[in-house]
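The structure appears right after this line, and notes come after that.
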Amino acid sequence: MKTALITGVTGQDGSYLSEFLMGKGYDVHGIIRRSSVDFRERIAHLEGKPHFHLHYADLGDSMSIVKVVDKVRPDEIYNLAAQSHVQVSFDSPEFTADVDATGVLRVLEAVRACHLEKTCRIYQASTSELYGKVEEVPQNENTPFHPYSPYAVAKLYGFWIVKEYREAYDMFCCSGILFNHESERRGETFVTRKITLAAARISQGLQDCLYLGNLDSLRDWGYAKDYVECMWLILQNDKPEDFVIATGVQHSVREFTKLAFHHAGIELEFEGKGIDEKGICVKGPDGLIGKTLVAVSKDFYRPTDVVNLWGDPTKAKAKLGWNPARTSFEELVKIMVDHDMAKVASEGAAAKVRMNLAEYLEKGIVK
Ligand code: NAP
Ligand code: GDD
């Protein structure tokens, strides 16, 4: 039986990857941080299963990582832990650098300190944010990087240190350059989940209006459940290589919003430009028609924004046999809205409290 160690196991990808690896017969070990609340919603259904184990460690604390790596002695490490929110990286650039850049080095050094460099394969969660202020479209493994946020600059270090250790110490370590991937487990302050939750709340009378930032921003959105398979495939390859993982299809934040509201039973028409743009209800429940349900707020603009991400997954298709078209954009939006319609219906008024907290967090009012 193979043993895998996952950092970031409580996150969106960590939870899906745990399920995927357990399905493949792996013994799965996850790293969790100590916190004052013991609430791990995304992995609650896995806790207590015979091949799922949790260990306390923090990517900011080398010794804690060395101890877990030495105890577990994994065949594969998936380094998914990160401060993963781009907007937050402008508010907490130093913390982001410590976890997303130096944290990667700590994982690599832990493997060397435990003398596992010849046996343990390492996957690094890299990102399309490296392309940042994009220099060509679509982006592939040869496209120049131009990071455009503190998060992306930290992740660039992670990418290069993985490459360096591969070449310097002949380690099997690789980066998956993953484009945005979403799901019903996505954090509530990322734009897709913010939209699907708002569409559900507005249609159920629990929210008046959704405030967003740049509606023109373009993303290549895939389904997280499909993407975790690629992380595994990258480590099963004959040699260590980096791969772009994307759908090859691009949509704007505005398109995502229109489709999400459509699935919630509301048709929107957008009018105006920039900060004055509004999404008005033209069809839907009585009482909403003619109302502004989506508006733009400067609070959600970023000092520098990445606006044109579009991935080319040709290499992953050819070398890993990965099918990027498994879940379409339309299906993804529907999965998320259906989930959030049911969630909001069951939470009722509590959903409104969660909305206010998520909005304050994103605006940086609550840190
Ligand atoms: P996520 O839901 O935000 O999960 C992040 C995980 O990292 C959480 O488990 C979090 O633990 C953990 N973490 C944060 N700081 C830590 C620390 N100091 N020590 C240990 N653990 C820490 O992110 P995700 O969407 O699953 O993404 C997974 C990885 O892929 C991240 O590295 C992200 O940057 C990268 N990525 C994501 C996407 C995407 O579209 N989702 C695309 C490209 C790359 P807590 O639960 O304790 O906070
Ligand atoms: N979060 C957020 N909230 N984004 C908004 C909003 C809003 O109200 N309005 C517009 N946007 C725009 C952002 O400016 C950005 O251009 C785009 O929507 C996507 O934002 P996010 O969903 O926050 O994701 P991201 O692309 O910045 O980062 C995610 O994907 C990266 C891969 O490209 C994260 O998962 C990163 O960890 C990941 O590396």
Side-chain angles (χ1 to χ4, degrees), residues 6-17 30-35 37 39-43 56-61 64-65 68 78-89 95-96 98-100 102-104 106-107 123-132 139 147-149 151-152 154-155 158 175-183 185-195 198 210-224 227-228 231 245-246 252-254 256-257 294 296-297 299-309 311 358-359 361-363:
I6 303 176
T7 74
V9 74
T10 54
Q12 170 187 262
D13 292 4
S15 64
Y16 284 123
L17 181 64
I31 280 177
I32 53 169
R33 296 191 279 178
R34 278 200 192 276
S35 84
V37 282
F39 185 60
R40 299 181 283 270
E41 196 177 10
R42 296 185 181 109
I43 54 168
Y56 283 113
D58 194 302
L59 241 61
D61 175 0
S64 70
I65 304 171
V68 175
Y78 296 86
N79 184 37
L80 310 185
Q83 189 302 94
S84 72
H85 203 287
V86 173
Q87 174 70 62
V88 170
S89 79
F95 173 74
T96 304
D98 190 46
V99 180
D100 298 11
T102 317
V104 184
R106 294 186 183 108
V107 171
Y123 170 86
Q124 165 60 17
S126 192
T127 166
S128 49
E129 286 289 309
L130 298 189
Y131 300 119
Q139 295 96 34
Y148 213 35
S149 66
Y151 166 81
K155 283 279 185 179
S175 293
I177 305 172
L178 269 59
F179 281 64
N180 296 53
H181 44 282
E182 317 294 315
S183 74
R185 295 185 194 169
R186 186 57 143 152
E188 296 181 12
T189 59
F190 295 94
V191 77
T192 56
R193 191 76 198 288
K194 181 173 168 181
I195 295 167
L210 165 65
Y211 292 93
L212 293 171
N214 185 0
L215 298 175
D216 292 320
S217 193
L218 295 162
R219 286 290 181 277
D220 179 328
W221 279 297
Y223 188 29
Y227 280 34
V228 295
M231 301 175 183
I245 306 300
S252 67
V253 171
R254 187 181 300 99
F256 191 105
T257 309
V294 180
V296 175
S297 162
D299 284 333
F300 303 112
Y301 281 1
R302 295 174 181 178
T304 48
D305 198 12
V306 172
V307 294
N308 196 4
L309 292 181
E359 195 163 69
L361 279 168
E362 206 189 2
K363 282 183 180 170

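Whatever order the structure lists them in is the order used to number ligands and atoms, beginning at 1. Index from 1, following the sequence.
- Under 4.0 Å from ligand 1, the heavy atoms of S126 that appear belong solely to its backbone.
- Nearest protein heavy-atom contact of atom 36 (C) of ligand 2 is S84 O, 3.3 Å.
- Set against the non-hydrogen atoms of G213, the atoms of ligand 2 under 4.0 Å away are 6 (C), 8 (O), 9 (N), 10 (C).
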**Report entry** Intermediate values then yes/no, side chain to side chain contact (heavy atoms under 4.5 Å, CB included), V68 and I31
**Finding:** CA-CA 8 Å; V68 175; I31 280 177; 4.2 Å; yes
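- Checking T10 against R40 by side-chain atom types alone, no donor-acceptor pair falls below 3.5 Å.
- Near V86, the atoms of ligand 2 lying under 4.0 angstrom from a non-hydrogen atom of the residue are 27 (O), 28 (O).
- A donor-acceptor pair under 3.5 Å is formed between the side chain of S35 and the backbone N or O of V37.
- Under 4.0 Å from ligand 1, not a single heavy atom of E129 appears.
- Distances shorter than 4.0 angstrom do not occur between any heavy atom of V307 and any atom of ligand 2.
- Counting heavy atoms under 4.0 Å from ligand 1, residue R40 does not touch it at all.
- R33 and D61 are not joined by a salt bridge, as no carboxylate oxygen comes within less than 4.0 angstrom of a charged side-chain nitrogen.
- A centroid separation of less than 6.0 Å is found between the aromatic rings of H85 and F190.
- Y211 places none of its side-chain heavy atoms less than 4.5 Å from the side chain of V294.
- Among protein heavy atoms, atom 41 (N) of ligand 1 sits closest to R186 NH1, 3.2 Å.
- Scanning the protein heavy atoms around atom 8 (C) of ligand 1, the nearest turns out to be T10 OG1, 3.5 Å.
- Looking at V306 against ligand 2, only its backbone comes within 4.0 Å, counting heavy atoms.
- Shortest contact from atom 21 (N) of ligand 1 to any protein heavy atom: A81 CB, 3.4 Å.
- Of all atoms in ligand 2, listed by their number and element, those nearer than 4.0 Å to a heavy atom of V253 are 18 (O).
- Looking at atom 43 (C) of ligand 1, its nearest protein heavy atom turns out to be L178 O, 3.1 Å.
- Every atom of ligand 2 with a heavy atom of T127 under 4.0 Å away is listed here by number and element: 31 (C), 32 (C), 33 (O), 38 (C), 39 (O).
- Counting protein heavy atoms only, atom 6 (C) of ligand 1 is closest to G8 CA, 3.7 Å.
- Regarding atom 1 (N) of ligand 2, its nearest protein heavy-atom neighbour is E362 OE2, 2.8 Å.
- For atom 18 (N) of ligand 1, the closest heavy atom belonging to the protein is D58 OD1, 2.8 Å.
- Scanning R33, H181, Q12 for the heavy atom closest to atom 39 (C) of ligand 1 points to H181.
- Just one residue in the list N308, T192, V306 forms a side-chain contact (heavy atoms from CB on, under 4.5 Å) with R219, and that residue is V306.
- Contact annotation: Q87 has no heavy atom less than 4.0 Å from any atom of ligand 2.
- The shortest contact between atom 5 (C) of ligand 2 and any protein heavy atom is with V191 CG2, 3.5 Å.
- At least one heavy atom of Y151 sits closer than 4.0 Å to an atom of ligand 2.
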Requested in this report: Determine, step by step, whether V307 and N214 satisfy the side chain to side chain contact (heavy atoms under 4.5 Å, CB included) criterion, reporting the C-alpha distance in whole Å, the side-chain angles of both residues, the deciding distance to 0.1 Å, and the verdict.
Outcome: CA-CA 9 Å; V307 294; N214 185 0; 3.5 Å; yes
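- Not a single heavy atom of E188 sits closer than 4.0 Å to an atom of ligand 2.
- Inter-residue side-chain proximity for F39 and E41 is flagged as met; some heavy-atom pair is nearer than 4.5 Å.
- Annotation: atom 33 (C) of ligand 1 to nearest protein heavy atom, Y151 OH, 3.7 Å.
- Contacts between V99 and ligand 1, counted as non-hydrogen atom pairs separated by less than 4.0 Å, involve the side chain only.
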Requested in this report: Take I195 and V253 through the test side chain to side chain contact (heavy atoms under 4.5 Å, CB included) and record every step on the way to the result.
Outcome: CA-CA 9 Å; I195 295 167; V253 171; 4.2 Å; yes
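- For atom 24 (O) of ligand 2, the closest non-hydrogen atom of the protein is N180 ND2, 3.7 Å.
- The closest side-chain donor-acceptor pair between S89 and Q83, if any, does not fall under 3.5 angstrom.
- Heavy-atom contacts of R186 reach the following atoms of ligand 2: 29 (C), 34 (C), 35 (O) (cutoff under 4.0 Å).
- Counting heavy atoms under 4.0 Å from ligand 2, residue K194 touches it through the side chain alone.
- Taking any N or O of S128, backbone or side chain, none lies under 3.5 Å from an N or O belonging to ligand 1.
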Report task. May I have the step-by-step check of side-chain hydrogen bond (donor to acceptor under 3.5 Å, both in side chains) for S252 and D216, ending in yes or no? Result -> CA-CA 6 Å; S252 67; D216 292 320; over 6 Å; no
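- Looking at S64 and D58, their side chains never bring a donor and an acceptor atom within 3.5 Å of each other.
- Residue-ligand proximity, A125 to ligand 1, at heavy-atom distances under 4.0 Å covers atoms 29 (C), 30 (O), 32 (O), 35 (C).
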Requested in this report: Give the C-alpha distance, both sets of side-chain angles, the deciding distance and a yes or no for side chain to side chain contact (heavy atoms under 4.5 Å, CB included) between H181 and D13.
Outcome: CA-CA 9 Å; H181 44 282; D13 292 4; 2.6 Å; yes
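- In this structure, R185 forms a cation-pi arrangement with Y16, its terminal cationic atom sitting closer than 6.0 Å to the ring centre and no more than 45° off the ring axis.
- Taking 4.0 Å as the cut-off, N180 counts as a neighbour of ligand 1 on heavy-atom distance.
- Here's the thing with G14: none of its N/O atoms is less than 3.5 angstrom from an N/O atom of ligand 1.
- Closest to atom 27 (O) of ligand 1, if we only count protein heavy atoms, is D13 OD2, 3.7 Å.
- At the shortest separation from atom 14 (O) of ligand 2 among protein heavy atoms lies D305 OD2, 2.8 Å.
- Which of E182, R219, R302 comes nearest to atom 21 (P) of ligand 2 through a heavy atom is settled by distance: it is R302.
- Of the listed options A246, S128, S89, G132, S128 places a heavy atom closest to atom 33 (O) of ligand 2.
- Considering backbone and side-chain N/O of L80, one or more are found under 3.5 Å from N/O of ligand 1.
- Contact of the R106 side chain with the L59 side chain is not registered, since no non-hydrogen atoms from C-beta on lie closer than 4.5 Å.
- Remark: ligand 1 and E182 share no N or O pair separated by less than 3.5 Å (distance only, no angle test).
- Both the sub-6.0 Å distance and the 45° axial angle are satisfied by K194 relative to the ring of F300.
- Ligand 1 has no atom lying under 4.0 Å from any heavy atom of F190.
- Shown in contact with S217 at under 4.0 Å from a heavy atom are these atoms of ligand 2, numbered in order with element: 15 (C), 16 (O), 17 (C).
- The L309 neighbourhood of ligand 2 comprises atoms 33 (O), with distances under 4.0 Å to a heavy atom of that residue.
- Using a 4.0 angstrom heavy-atom cutoff, R185 does not count as in contact with ligand 1.
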